[in-house]
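Single-structure report; data block below.
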Amino acid sequence: MSYKLSEGALEVIMNGGHYDKPVMQILGNKKIQGSGANERFRLLVSDGKHSLSFAMLATQLNDKLKTGELRVMILLEITILAPGSEVGKKLGNPQTWSEDSAQAPAPATMTPAPKANTRPPPAVKPTFNPQLDSSMLSSQMTHPIASLSPYQNKWVIKARVMNKSGIRTWSNARGEGKLFSMDLCDDSGEIRATAFKNECDKFYDMIEVDKVYYISRCILKAANKQFTSLKNDYEMTFTADTVVSECMEDASTVPSVKFDFVPISEIANKSPDSLLVRNTFTKGHIMILDMIGVCKSAADVQELTAKSTGKLLKKREVTLVDSSGGAGARLTEFNGSKSLSCLSSTMVRLNPDLPETHRLRGWYDNGGADCDIVNISARSGAYGGVSGEWVTFAEAEARQLGAGERGDYYSLLGALTFTFSDNAVYKACPQEQCNKKLLDQENGLYRCEKCNREYPNYKYRLLLGANVSDPTGDQRVTAFNEAAESMLGKTAAEIGQMFEYDKAAYSQLFEEVKFKTFVFKFRTKMETYSDEARLKTTVMSATPVDYKDANARLVKSIKALSGVEV
DNA sequence: CCCCCCCC
């Protein structure tokens with residue numbers, strides 16, 4: 001049996017023409033990406049005259065590839081005329097198809113399958129010119145960003161610059177250089193583009209945020225998901241051939257940046273752990289979000305040195321009120337205090353012309369400025385720490401509180417299950433700032449090792465060991481003077497007197513406080529004693545329970561857990 | 001080819 005291929009059909013198709021029901025030979029195939037629904041195969045096809053490897057069996061590109069400069073051949077439907085095992089050989093002597101190999105122009109449309117000996121008709125004027133320059137670009141021939149892949153390098157996108165970084169330089173073992181990057185979007189999707197060295201110089205000034213550009217001839221590669229929160233599996237790199245041209249006509253079809261503003265009140269309830277992006281630099285989880293707010297106050301610029309890198313840093317704290325703004329700020333939590341940080345990718349826009357801005361301005365100017373604001377960055381007490389939030393022992397453990405360098409602070413509603421009366425009170429140095437335990441010289445004088453002095457007098461101080469329980473667990477804690485006074489309900493002086501003169505009352509006191517409930521503020525830190533790591537938890541304060549407040553918290557957590565209004 | 005996102 002002989003096989004008739006549609007000789008010349010590839011040339012017609014690749015020049016933008018139409019060829020009805022071409023007969024081709026499939027010389028090979030390659031799985032190119034994805035799996036499941038994204039599975040896609042690239043075929044090497046031959047019409048006997050030319051062969052072409054840019055043929056894809058695709059689904060999602062079908063409706064998107066409406067452009068005139070069809071460079072990828074998409075096989076929508078094929079009928080197998082004969083299996084390869086039967087054909088057994090490559091038909092004809094196909095040459096790899098390229099623009100240059102198309103000598104003759106073809107008509108834009110060519111219907112029924114040509115007879116075997118018909119010479120292919122002349123091709124239409126190529127729509128894609130190797131000497132492409134920006135003046136040739138127009139909306140008529142653009143590709144959706146979502147269709148870009150490393151397997152197809154002849155494309156033009158019409159994209160809006162959402163975001164542009166500053167120029168950054170680097171120097172490492174592999175060399176040095178500079179770069180800037182930008183995030184581009186169109187109505188199909190978004191992609192990160194990076195311009196290195198020469199291209200950095202060439203395009204940096206030209207690229208402006210919010211403008212729309214035609215861009216072509218970049219290299220595409222897989223995006224490293226660790227470093228981007230954009231929804232694209234690929235990212236692009238500018239090359240020496242890259243062409244960028246500002247779109248001067250109607251750009252309204254290209255969407256502008258879409259913000260998904262998170263109100264501050266919602267940020268309060270968000271945890272950076274409900275991660276959108278895993279931050280590999282700090283081993284923690286970060287959440288990237290958009291917010292819009294009125295800057296109510298701004299602190300001076302502070303200079304500090306990063307502990308980890310020794311790098312000199314600058315920071316400036318600003319207070320934003322009400323709803324939320326900016327783009328891609330980083331949510332962090334430090335001892336319960338929430339804050340947003342700007343990343344290098346963060347775009348800060350002043351008075352953006354958005355409905356949300358006007359709404360916020362209206363709110364602020366009409367009393368919002370004077371509103372009582374819940375400060376979600378507040379740290380409780382003088383110690384820093386939890387912003388009023390109560391955690392349980394189970395949560396404290398789950399959050400690994402205390403594992404860090406500096407220790408963590410948290411509040412907890414719990415009961416004293418045991419207090420250790422032994423050595424709970426001691427004679428301390430009478431000096432105001434010195435609370436060192438005195439050594440009894442047995443001669444009416446007491447020696448302070450710290451002050452290197454002897455005193456005839458002393459003051460009583462407390463150092464109380466206790467167990468605290470909550471419904472999820474318990475913890476051995478230590479309470480120093482003031483916290484211990486709160487727990488025992490007596491002053492150190494009173495307790496000292498009891499210890500000296502009324503041992504029974506003293507013992508009774510420690511019995512009485514058993515199962516008393518307090519709101520504790522703890523500082524906890526992992527410490528190592530003879531190679532054994534142990535959590536050292538100190539009571540910073542113990543206050544009686546305000547049950548109205550406790551109830552409100554309970555109601556709030558029931559709501560949060562159940563989603564039901566109570 | 002970068003890939004840093006820090007501090008209390």
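These numbers were taken from a predicted model, which means no experiment stands behind them. Per chain, numbering begins at 1; letters A, B, ... match sequence-line order. The basis for the numbers below is simple: all heavy atoms, side chains too, and nothing from hydrogens, waters or symmetry mates.
- The side-chain contact (heavy atoms from CB on, under 4.5 Å) test applied to A:C218 returns A:W155, A:I215, A:M236, A:F238, A:T242, not counting sequence neighbours.
- If you take CE of A:M236 and P of B:dC3, they are 21 Å apart, rounded to a whole angstrom.
- Remark: A:A466 engages A:L416, A:T419, A:V477, A:M487 in a side-chain contact (heavy atoms from CB on, under 4.5 Å) (not counting sequence neighbours).
- If you check distances only, the side chain of A:E317 never reaches the base of B:dC7 with a donor-acceptor pair under 3.5 Å.
- In this entry the distance linking CG of A:L179 with P of B:dC4 reads 12 Å, nearest Å.
- Across all strands shown, A:E235 has heavy atoms under 4.0 Å from base atoms, whether or not it also approaches the sugar-phosphate.
- Taking atom CG of A:L340 as the reference point, atom C1' of B:dC7 lies 16 Å away to the nearest angstrom.
- For DNA chain B, the residues of residues 197-209 of chain A within the heavy-atom distance limit of 4.0 Å (strictly under) are A:K197, sorted by number.
- Between A:T392 and A:P471 the shortest side-chain heavy-atom distance does not fall below 4.5 Å.
- Protein atom CG of A:N224 is 12 Å distant from nucleotide atom P of B:dC3, rounded to whole Å.
- Remark: A:R192 is not in phosphate contact with B:dC3, judged by side-chain N or O atoms under 4.0 Å from OP1 or OP2.
- Each salt bridge (charged side-chain N to carboxylate O under 4.0 Å, His left out) pair with one or both residues in residues 172-188 of chain A, not counting sequence neighbours, appears once here: A:K178-A:D201, A:D183-A:R192.
- Applying the 3.5 Å distance criterion, the base of B:dC8 shares no donor-acceptor pair with the side chain of A:Q302.
- Between the CG atom of A:L230 and the P atom of B:dC2 there is a distance of 19 Å, rounded to whole Å.
- Side-chain contact between A:L312 and A:T305 is present, with heavy atoms from C-beta onward closer than 4.5 Å.
- Nucleotide B:dC2 holds its P atom 12 Å from the CD atom of A:E176, rounded to whole Å.
- When rounded to the nearest whole Å, the span between CZ of A:R316 and C1' of B:dC5 equals 19 Å.
- In this structure, the CG atom of A:L313 is 10 Å from the P atom of B:dC8, given to the nearest Å.
- Listed by chain and number, the residues in a side-chain contact (heavy atoms from CB on, under 4.5 Å) with A:K315 are A:Q302, A:L304, A:E317 (sequence neighbours excluded).
- Among residues two or more places apart in sequence or in another chain, the side-chain contact (heavy atoms from CB on, under 4.5 Å) test is passed with A:R168 by A:L179.
- The side chain of A:R174 contributes an N or O atom lying less than 4.0 Å from OP1 or OP2 of B:dC2.
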